[in-house]
Colleague: 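The structure is given below, and queries will be raised subsequently.
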Amino acid sequence: THDPLRHVDLTVPERTWVRVESGADADIWLITWPVGSSTGWHDHGSASGAFVVLTGALTEYVWTGVATATTLSTSVREFDGSHVHDVVNHGPQAAVSLHAYAPSLAAMTRYELVRGRLQVTSVEQRETW
């Protein structure tokens, strides 16, 4: 009965996110992706999760010692707490995705690709979002 796209502004020039539900055990976020936007390499702390692309398409680069890419549109992508990825909108239009994390998202580790290896650059705590 709730339309998650009702208040989405697809003309915003930066990637935006809003927590649409939150509880002790889970978070749900709606993310808007302008063309060319990216998360950068990151993990979700100890949280497992899933996301679905609601409009447009996103490319997910997954790190397993090498980067592999999958383009996603309307399919659900699940991952565990050890998942490291970069999500990018390479498409011709803005995209919107819905993300769920359990337990509740408390921290994200940021990485940089240096000489073929990922190196930790920072750990962001929930208070900074």
Side-chain angles (χ1 to χ4, degrees):
T1 62
H2 175 69
D3 178 5
L5 301 175
R6 183 178 58 193
H7 298 293
V8 171
D9 181 356
L10 296 177
T11 65
V12 174
E14 298 175 343
R15 188 169 63 93
T16 59
W17 52 92
V18 62
R19 189 174 19 202
V20 294
E21 290 290 332
S22 180
D25 298 330
D27 283 329
I28 300 174
W29 296 79
L30 187 69
I31 302 176
T32 304
W33 305 78
V35 173
S37 61
S38 168
T39 60
W41 289 103
H42 68 284
D43 67 27
H44 301 97
S46 62
S48 295
F51 69 95
V52 62
V53 179
L54 301 175
T55 63
L58 296 171
T59 301
E60 180 189 34
Y61 296 88
V62 176
W63 187 260
T64 58
V66 295
T68 57
T70 304
T71 299
L72 306 164
S73 60
T74 69
S75 57
V76 174
R77 175 69 168 108
E78 298 175 10
F79 52 88
D80 65 20
S82 66
H83 190 71
V84 177
H85 68 168
D86 180 12
V87 181
V88 182
N89 181 359
H90 290 302
Q93 65 187 29
V96 178
S97 57
L98 190 64
H99 301 243
Y101 304 100
S104 185
L105 192 58
M108 290 180 18
T109 303
R110 297 279 178 186
Y111 302 86
E112 183 177 324
L113 187 58
V114 178
R115 293 187 295 275
R117 297 178 61 124
L118 286 183
Q119 294 183 355
V120 173
T121 58
S122 66
V123 177
E124 297 175 1
Q125 300 299 318
R126 176 184 205 124
E127 296 79 30
T128 62
W129 304 315

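Note that these values count all heavy atoms, side chains included, but never hydrogens, waters or copies made by symmetry.
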Colleague: CH2 of W29 to CG of L98: how many Å apart, nearest 0.5 Å?
Modeller: 12.0 Å
Colleague: I need the S104 OG to I28 CD1 distance, nearest 0.5 Å.
Modeller: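 The distance works out to 10.5 Å.
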Colleague: Can you see which heavy atom on E21 is nearest to which on R19, and at what distance?
Modeller: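 Looks like O-CG, 3.4 Å.
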Colleague: How many angstroms lie between CG in L72 and CG in L58, if you round to the nearest 0.5 Å?
Modeller: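 Going from CG on L72 over to CG on L58, the span is 7.0 Å.
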Colleague: Any luck finding a side-chain donor-acceptor pair between S48 and D80 under 3.5 Å?
Modeller: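 No donor-acceptor contact under 3.5 Å links the two side chains.
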Colleague: Nearest 0.5 Å, please: how far is OG in S22 from CG in L105?
Modeller: 10.0 Å
Colleague: Run the numbers on L118 and L113 for side chain to side chain contact (heavy atoms under 4.5 Å, CB included), then give the verdict.
Modeller: CA-CA 5 Å; L118 286 183; L113 187 58; 4.0 Å; yes
Colleague: Any side chain to side chain donor-acceptor pair (under 3.5 Å) pairs touching residues 88-100, not counting sequence neighbours?
Modeller: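 Output for this query lists W33-S97, Y61-H90, S97-H99, H99-Y101.
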Colleague: Indicate yes or no for a side-chain donor-acceptor contact from T55 to the backbone of V96 under 3.5 Å, with no hydrogens or angles considered.
Modeller: yes
Colleague: How far does OG1 of T68 sit from CD of E60, to the nearest 0.5 angstrom?
Modeller: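 Atom-to-atom, T68:OG1 and E60:CD are 8.0 Å apart.
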Colleague: Evaluate the criterion side chain to side chain contact (heavy atoms under 4.5 Å, CB included) for residue pair W41 and T121; output intermediate values, then yes/no.
Modeller: CA-CA 10 Å; W41 289 103; T121 58; over 6 Å; no
Colleague: I'd like to check the side chain to side chain donor-acceptor pair (under 3.5 Å) partners of T11; sequence neighbours left out, ordered by chain and number.
Modeller: D9
Colleague: Please determine whether side chain to side chain contact (heavy atoms under 4.5 Å, CB included) holds for the pair H85 and H44, giving the CA-CA distance in whole Å, both sets of side-chain angles, and the decisive distance to 0.1 Å.
Modeller: CA-CA 10 Å; H85 68 168; H44 301 97; 3.1 Å; yes
Colleague: Once side chain to side chain donor-acceptor pair (under 3.5 Å) is applied, do any residues pair with T39, and if so which ones, sequence neighbours excluded?
Modeller: H42, D86
Colleague: Check A95 against G56 and note the closest heavy-atom contact, atom names and distance.
Modeller: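 Taking every non-hydrogen atom into account, CB-CA, 4.1 Å.
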Colleague: In terms of hydrophobic clusters joined by side-chain contacts under 4.5 Å, are V35 and V8 together?
Modeller: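 Unlinked, V35 and V8 end up in two clusters.
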Colleague: Is any side-chain heavy atom of F51 less than 4.5 Å from a side-chain heavy atom of F79?
Modeller: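 Of all side-chain heavy-atom pairs linking F79 with F51, at least one is under 4.5 Å.
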